[in-house]
Structures are given as C-alpha cells and as structure tokens.
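In the text below, chain A, chain B and the rest are named by the order of the sequence lines, each starting its count at 1.
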2 protein chains.
Amino acid sequence: MSQTLDTVFAALADPTRRAILAMLLEDDMAVTDVAHPFAMSLAAISKHLQVLAEAGLISQEKRGRVKWCKLEPDALREASVWMQGFGQMDSLDLDAFERFLAVEIGLEAEAEIPGG
Amino acid sequence: MSQTLDTVFAALADPTRRAILAMLLEDDMAVTDVAHPFAMSLAAISKHLQVLAEAGLISQEKRGRVKWCKLEPDALREASVWMQGFGQMDSLDLDAFERFLAVEIGLEAEAEIPGG
DNA sequence: TCCATATTCAACCATCTGGTTGACGTTTCC
DNA sequence: GGAAACGTCAACCAGATGGTTGAATATGGA
C-alpha cells in the first residue's frame with residue numbers, strides 16, 4: 001500500500017503520463033494510437049505505459065497483435081482518498097504515528113516523535 | 001500549474017516526505033525536530049524539506065536560528081482537485097484536449113487525437 | 001568572547017529516469 | 001511464404017534524485 005502510493009504518485013508526476021491518462025478517459029486505445037500525438041518514440045511511450053500499468057492506473061490486454069490500454073481509476077482513487085483523509089486527521093495519535101512511520105519508511109521501533 | 005502538478009506529485013512520491021507531511025499535520029516543527037525520527041542525516045531532511053517547499057506543500061519561516069516548517073495544504077488540495085475532476089470528465093472535447101496537451105507537454109499545434 | 005546549536009552548502013557517489021536507436025518476436029494479410 | 005504492422009527488448013546516454021560527509025554560516029547564551 002505504501003509502495004502503491006509511491007508508484008502512483010511517481011507515475012502521476014510526469015506530464016506525458018498524465019496526458020496519456022486523459023486520453024484513455026475517452027476510450028481504450030492501442031499502444032500505437034496512444035503514441036501518435038506525442039513527439040517521442042514508440043518505445044518511450046511503451047515504457048510510460050508500463051509505469052502506468054505497474055502503478056495500477058491502467059491495464060493492458062493483448063488481442064491479436066494489438067495491445068489495448070484501459071484506464072483503471074481505482075489506484076487513482078486510492079491516492080485521492082489518501083490525500084483527502086490527510087487533511088482530516090485532527091490530532092495525531094503518537095503511537096499510531098510511530099506504527100505509521102514504521103510501515104511507511106521501514107523505520108525501527110525506536111522511532112520517537114520529537115516534542116511528543 | 002502543470003509544473004505545479006509535476007512538483008507536487010513528485011514530492012508526494014517519496015515516503016519520507018509523506019511522513020514529514022504527516023508529522024506537520026500535528027504542529028509546526030523546527031528542521032532538527034522534523035529530522036529526529038528519521039534514520040538519515042539532517043542535510044538529507046533539509047533537502048526533503050526544500051522539495052516540499054518548492055512544491056508549495058509546506059512553508060518555512062526562520063525565527064532566530066530556528067527555521068519553522070508549516071504545512072500548506074493548498075497545493076495538496078490542488079492536486080486532489082485534479083484527481084477528483086479527472087474521473088468526472090464524461091466525454092472529451094477534442095479541441096479542448098489538444099489545447100490541454102499543448103499546455104501539459106508543450107506539444108505543437110499539429111497534435112491530433114488518434115481515433116478522434 | 002567563546003562555545004554550542006541550528007541549518008545549509010559543496011562535493012561526491014550510486015541509482016533511477018526518460019529518452020534514443022536498432023534488433024527482435026508475433027500476428028495479420030496478400 | 002513473405003512483407004508489413006504492432007509492440008517490446010537491450011544497450012546506451014544525459015540528467016535528476018536521494019543519500020553521504022565535512023566545512024561554513026548564523027544565532028543564542030554563558
């Protein structure tokens with residue numbers, strides 16, 4: 001889940017990938033057609049699509065020699081939920097926060113919250 | 001705005017930086033105190049804080065020899081709004097999309113939407 | 001003044017990222 | 001069968017990223 005947030009946000013950080021997602025809103029598309037409007041090679045777009053697929057933001061299905069790309073909004077929704085929930089923690093449970101840190105960044109148990 | 005999304009999402013892609021944001025939810029903190037729970041150098045945390053500040057996710061104010069870090073949820077909200085709005089475009093206005101592409105990735109006017 | 005604290009800067013390093021090109025394996029179709 | 005279309009793979013490259021260490025710059029306090 002933490003790694004999911006890593007990969008989802010990293011995928012969204014690139015404008016080409018955000019543009020691809022916007023294109024896939026309209027309809028499923030073949031890799032070649034996704035690549036068409038962009039001023040870069042097919043191989044580069046293929047890599048971008050892999051990044052999006054690993055983040056769970058799209059799925060790909062091969063039919064014949066054509067690989068179809070489909071938007072998968074669930075991962076996007078997960079990240080969005082994270083961001084929404086973020087502003088709504090009112091006061092932080094420090095014990096819970098230590099566990100959160102431990103999960104988020106693999107911190108040892110000695111993690112101690114300054115000022116706490 | 002496009003660059004803002006770039007920097008905001010890139011900032012959020014790192015678990016250390018997300019943990020820092022979570023800490024700042026509770027209260028404003030000095031750089032040294034932010035660094036305390038993490039198993040890395042102060043200089044590394046200082047860099048992370050710069051990334052967060054450039055993305056607009058935090059602000060920093062120096063009082064005396066202490067630099068205070070404060071959460072600025074507006075940039076987070078902007079990215080969240082982008083994500084929310086994303087799933088809600090129903091059908092895409094192709095002309096608008098070409099302008100979107102032009103802004104997002106600096107594409108030339110000849111951008112043409114395949115299948116469109 | 002002198003020392004400790006708070007923070008950044010500069011140089012360095014390993015790894016990741018985003019792009020290229022050319023070769024390759026599949027599938028389709030004449 | 002053989003050519004063309006679809007897509008990925010492999011090798012390579014430049015630049016960004018995330019970390020380190022040690023020196024430098026302020027500021028605060030005895």
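In this structure, A:Asp14 places its CG atom 15 Å from C1' of D:dT17, rounding to the nearest Å. Atom pair B:Asp6:CG and C:dG18:P shows a separation of 10 Å (rounding to whole Å applied). Nucleotide D:dG18 holds its P atom 12 Å from the CG atom of B:Leu12, rounded to whole Å. Straight-line distance from the CH2 atom of B:Trp68 to the C1' atom of D:dT27: 15 Å, rounded to whole Å. Between A:Phe9 atom CZ and C:dT17 atom C1' the separation is 19 Å, expressed in whole Å. For the pair A:Met40 CE and D:dG7 P, the computed distance is 17 Å after rounding to whole Å. Residue B:Glu61 contributes atom CD, which lies 16 Å from atom C1' of C:dA6 at whole-angstrom precision.
Taking only side-chain nitrogens and oxygens, B:Thr32 comes nearer than 4.0 Å to OP1 or OP2 of C:dT7. Applying the 4.0 Å criterion to OP1 and OP2 of C:dG19, one finds that A:Ser41 has every side-chain N and O outside that range.
Once rounded to the nearest 0.5 Å, the distance linking CG of B:Leu71 with CG of B:Leu52 reads 9.0 Å. The distance from atom CE of B:Met29 to atom NE2 of B:His36, rounded to the nearest 0.5 Å, is 9.5 Å.
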Derivation of the side-chain contact (heavy atoms from CB on, under 4.5 Å) call for B:Asp14 and B:His48: CA-CA 9 Å; B:Asp14 186 283; B:His48 279 305; 3.8 Å; yes
Kindly determine whether B:Thr16 and B:Ile45 satisfy side-chain contact (heavy atoms from CB on, under 4.5 Å), including the steps that lead there. CA-CA 9 Å; B:Thr16 299; B:Ile45 295 296; 4.3 Å; yes
Would B:Thr7 and B:Val51 count as a side-chain contact (heavy atoms from CB on, under 4.5 Å) here? Give the steps. CA-CA 8 Å; B:Thr7 55; B:Val51 172; over 6 Å; no
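Between B:Phe9 and A:Arg17 there is no side-chain heavy-atom pair separated by less than 4.5 Å. No side-chain heavy atom of A:Leu12 sits less than 4.5 Å from a side-chain heavy atom of B:Leu5.
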Which donor-acceptor pairs under 3.5 Å do the side chains of residues 54-70 of chain B make with protein atoms, sequence neighbours left out?
residue : atom : partner : partner atom : Å
B:Ser59 : OG   : B:Glu72 : OE2          : 3.0
B:Glu61 : OE1  : B:Arg63 : NH1          : 3.0

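Annotation: proximity of residues 42-52 of chain A to DNA chain C (heavy atom, distance under 4.0 Å) is found for A:Ala43, A:Ala44, A:Lys47, A:His48, numbered in ascending order.
Side chain of A:Val31, nearest nucleotide from C:dG18, D:dG7, C:dG19: D:dG7.
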Under 4.0 Å protein heavy-atom contacts per nucleotide of nucleotides 23-29 of chain C, with B for base, S for backbone only and - for none: ----BS-
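For the pair A:Arg18 (side chain) and A:Ala11 (backbone), a donor-acceptor distance under 3.5 Å is absent.
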